[in-house]
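Remember, predicted model here, so these are calculated numbers, not experimental data. Sequence lines set the chain letters: A, B, ... in the order given, protein chains first and strands last, and positions in each chain run from 1.
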2 protein chains.
Amino acid sequence: MVFDNIKYRDAQQIKLAVDCIIFGFNDNRLEVLLIHRGFQPEMGTWSLIGGFIDNDEDLDEAANRVLYGLSGLKNIYMEQVRTFGKADRDSSGRVVSTVYSAMILKSEYDEALVQKYNAQWFPIDDLPKLVFDHADMVDSAIKRLRRRVRNYPIAFNLLPSKFTLPQLQALYEGILNEPIDKRNFRRKVMQMNYLVKLNEKDMSVSRKGAYFYQFDEALYKKEQNFNL
Amino acid sequence: MVFDNIKYRDAQQIKLAVDCIIFGFNDNRLEVLLIHRGFQPEMGTWSLIGGFIDNDEDLDEAANRVLYGLSGLKNIYMEQVRTFGKADRDSSGRVVSTVYSAMILKSEYDEALVQKYNAQWFPIDDLPKLVFDHADMVDSAIKRLRRRVRNYPIAFNLLPSKFTLPQLQALYEGILNEPIDKRNFRRKVMQMNYLVKLNEKDMSVSRKGAYFYQFDEALYKKEQNFNL
DNA sequence: ACAAAAGTGTTAACCGTACACCCATGA
DNA sequence: TCATGGGTGTACGGTTAACACTTTTGT
């Protein structure tokens, strides 16, 4: 940052915002949390969870504050996706917005909260019309997610801490939107020693039952050999 | 973007800026273009090429305008890296900055312009102390570059349109900071039909001479099978 | 003739991918 | 006993990685 053009410091009329993209997984599909705007502009449409930044807070903090304020979600680890800065992207004025995204366990986000905040989950391939450039933002976040999910053990955030391999596979198929070979998938998972098999089965889906697994963060840190 | 917290729209005192990271290649090393600050704050230190955004311009446009204004470089294709938004990142006030980066052919950036703008090239592993969080920005851009250079034919921007394979290999070694096996490297390059061999040799380096190659954008678009 | 850089092939290990049947259980 | 989803192994092809000598030419 250079202050040559210092005149802009006072003249600048640009507002800075954050938008949060929260992914969930349900019914074998990847979903996004949207809120129904009960306020202007664009009242009555769907949008991401967004708001302006405070003067004295980090951009990351702003994302968390806004997320909490508009959805009740807290302690969610979000990562920056990218910043959208077209001059005409927001019809109500000049707003530049940095997009953050996170994955959460849908079942831990209370249905009552969803209602309270006029929020709703939508499968990513069945989104309603979104305000401004929010559809581009979602696209961007999905692309990033698809890239990252192959190289980092982040998708576990979308599952309960105990999960079965069929669940995990369905999750990957849902995120990547492509079928995966069961045996190849399982072989790769077996090589990850930080995915520990429990002596406990999920009997709720099949008669045979599927073993639960757990992701061990500490073990992962030693290996860091994730790829799916 | 949501306007629930509309009070911030008027209260917000945050300035939005862009910082540009221009990579060049010289003497087998990757370099970054920095400018010497002849103005406050932090006068006399080195910094990236940065400035504030205008009210009515796209963020991308701002990056190009600022780059031109402070370096004379134009028509450079820059890509967004990420946005830096710590509340205390800029000691002179609240500034959030989006980083852009590009690669250029150093020899086409006139030495006279470099001088005129108080600019200077620095090898990435021998940077001077940088103002604010600009060192983090450079780190971030280098990491991104190293990732992208393996999957997209972008490094050619750092070479003349005609280049030899030894040059190309040295470039990759410089960017990735690791030695590469000559035979394996060349085999991969040979598979890329859009790298066309010319009937012309560079006799300026060795007695034997090395054949020139050229990157054919149109051919690449058909194949898109880049990986090095 | 020699120095200096350009150019060339082969092999082994590894990884990705395709593919089909048996197992355990509750109803 | 049967229907349902869980669990298992192997073979092939492609990719990566390691490795050393010959060619060309100006001096």
Side-chain angles (χ1 to χ4, degrees), chain A residues 25 27-29 146-147 149-153 159-160 162-193 195-214 223-228, chain B residues 25 27-28 146-147 149-153 159-160 162-174 176-193 195-214 223-228:
Chain A
F25 187 66
D27 195 21
N28 288 351
R29 300 211 280 179
R146 289 189 173 143
R147 240 181 298 124
V149 87
R150 293 170 179 277
N151 297 310
Y152 303 95
L159 293 178
K162 294 177 184 177
F163 53 86
T164 67
L165 297 193
Q167 267 182 298
L168 186 63
Q169 183 176 342
L171 173 63
Y172 269 82
E173 289 176 331
I175 294 175
L176 300 174
N177 194 31
E178 61 189 25
I180 298 175
D181 181 274
K182 189 170 35 159
R183 283 174 285 191
N184 295 337
F185 182 81
R186 295 173 80 100
R187 181 178 30 256
K188 280 190 186 173
V189 168
M190 298 310 176
Q191 287 164 0
M192 304 176 185
N193 300 320
L195 284 183
V196 302
K197 183 179 186 173
L198 306 182
N199 269 327
E200 191 186 347
K201 280 186 167 186
D202 174 12
M203 300 305 293
S204 68
V205 176
S206 71
R207 308 188 196 280
K208 183 176 180 178
Y211 281 103
F212 279 118
Y213 284 73
Q214 225 167 357
E223 313 213 2
Q224 312 248 156
N225 62 334
F226 193 91
N227 105 304
L228 271 181
Chain B
F25 187 66
D27 196 19
N28 289 350
R146 287 187 175 145
R147 242 182 295 124
V149 87
R150 293 171 179 276
N151 297 310
Y152 303 95
L159 293 178
K162 295 176 184 178
F163 53 85
T164 67
L165 296 193
Q167 267 182 298
L168 185 63
Q169 182 176 342
L171 173 63
Y172 268 82
E173 290 175 332
L176 299 174
N177 196 29
E178 63 190 21
I180 298 175
D181 181 274
K182 188 171 35 160
R183 284 173 285 190
N184 295 336
F185 181 82
R186 295 173 79 100
R187 180 175 32 255
K188 281 190 185 172
V189 169
M190 297 311 175
Q191 288 165 359
M192 304 177 186
N193 300 321
L195 285 183
V196 303
K197 183 178 184 175
L198 306 182
N199 268 327
E200 191 186 347
K201 280 187 168 185
D202 174 11
M203 300 305 295
S204 69
V205 176
S206 71
R207 308 187 198 280
K208 183 176 181 179
Y211 281 104
F212 280 118
Y213 285 73
Q214 225 167 357
E223 312 213 1
Q224 311 249 155
N225 63 335
F226 194 90
N227 108 304
L228 270 180

How many Å lie between CD on A:Gln191 and C1' on C:dC14, as a whole number?
11 Å

Using side-chain heavy atoms (C-beta onward) and a distance below 4.5 Å, is A:Met192 in contact with A:Glu223?
no

Round to the nearest Å and state the distance from B:Asn227 atom CG to D:dG14 atom P.
16 Å

Checking A:Arg150 against A:Leu176 for the side-chain contact (heavy atoms from CB on, under 4.5 Å) test, could you report, in this order, the C-alpha distance in whole Å, the side-chain angles of both residues, the deciding distance, and whether it holds?
CA-CA 9 Å; A:Arg150 293 170 179 277; A:Leu176 300 174; 3.9 Å; yes

What is the separation between atom CD on B:Gln167 and atom P on C:dA5, rounded to the nearest whole Å?
14 Å

I want to check a possible cation-pi pair here: A:Lys197 against A:Tyr213, using under 6.0 Å from ring centre and within 45° of the ring axis as the test.
no

Counting N and O atoms only, with roles assigned by atom type, does the side chain of A:Gln214 sit under 3.5 Å from a partner on the main chain of A:Val196, one being a donor and the other an acceptor?
no

Answer yes or no: side-chain N or O of B:Arg183 and base N or O of C:dA6 forming a donor-acceptor pair under 3.5 Å.
no

Do B:Arg187 and D:dT16 have a side chain to base donor-acceptor pair shorter than 3.5 Å?
no

Looking at C:dG7, D:dG7, D:dT27, which one has an atom nearest to any side-chain atom of A:Arg186?
D:dG7

Can you tell me how far C1' of C:dA18 sits from CD of A:Glu178, to the nearest Å?
15 Å

Going by heavy atoms in the side chains, are A:Asn225 and A:Asn193 under 4.5 Å from each other?
no

With the side chain of B:Tyr211 defined as its heavy atoms from C-beta on, choose the nearest nucleotide among C:dA27, C:dG7, D:dG7.
C:dG7

Given C:dT17, C:dT25, C:dC23, the nucleotide with the shortest approach to the side chain of A:Lys208
C:dC23

Separation of atom CG in B:Leu168 from atom P in C:dA5, rounded to whole Å
19 Å

Using whole Å, report how far CG of B:Leu165 lies from C1' of D:dT23.
16 Å

Checking contacts here: which listed nucleotide (C:dA6, D:dA17, D:dG6) is nearest the side-chain heavy atoms of A:Ser206?
D:dG6

Rounded to whole Å, CE of B:Met190 lies from P of C:dG7 at a distance of 8 Å

Nearest-nucleotide check on DNA chain C, A:Met203 vs A:Asn184; residue mapping nearer the 5' end is A:Asn184

By nearest heavy atom, map B:Asp181 and A:Tyr213 onto DNA chain D; which one lands nearer the 5' end?
A:Tyr213

Winner on side-chain proximity to A:Arg207, out of D:dG5, C:dA3, D:dA3, is D:dA3

Heavy atoms from C-beta onward define the side chain here; which of C:dC19, D:dG7, D:dG26 lies closest to that of A:Pro166?
D:dG7

Let me know the distance between CD1 of A:Ile180 and P of C:dA18, rounded to the nearest Å.
12 Å

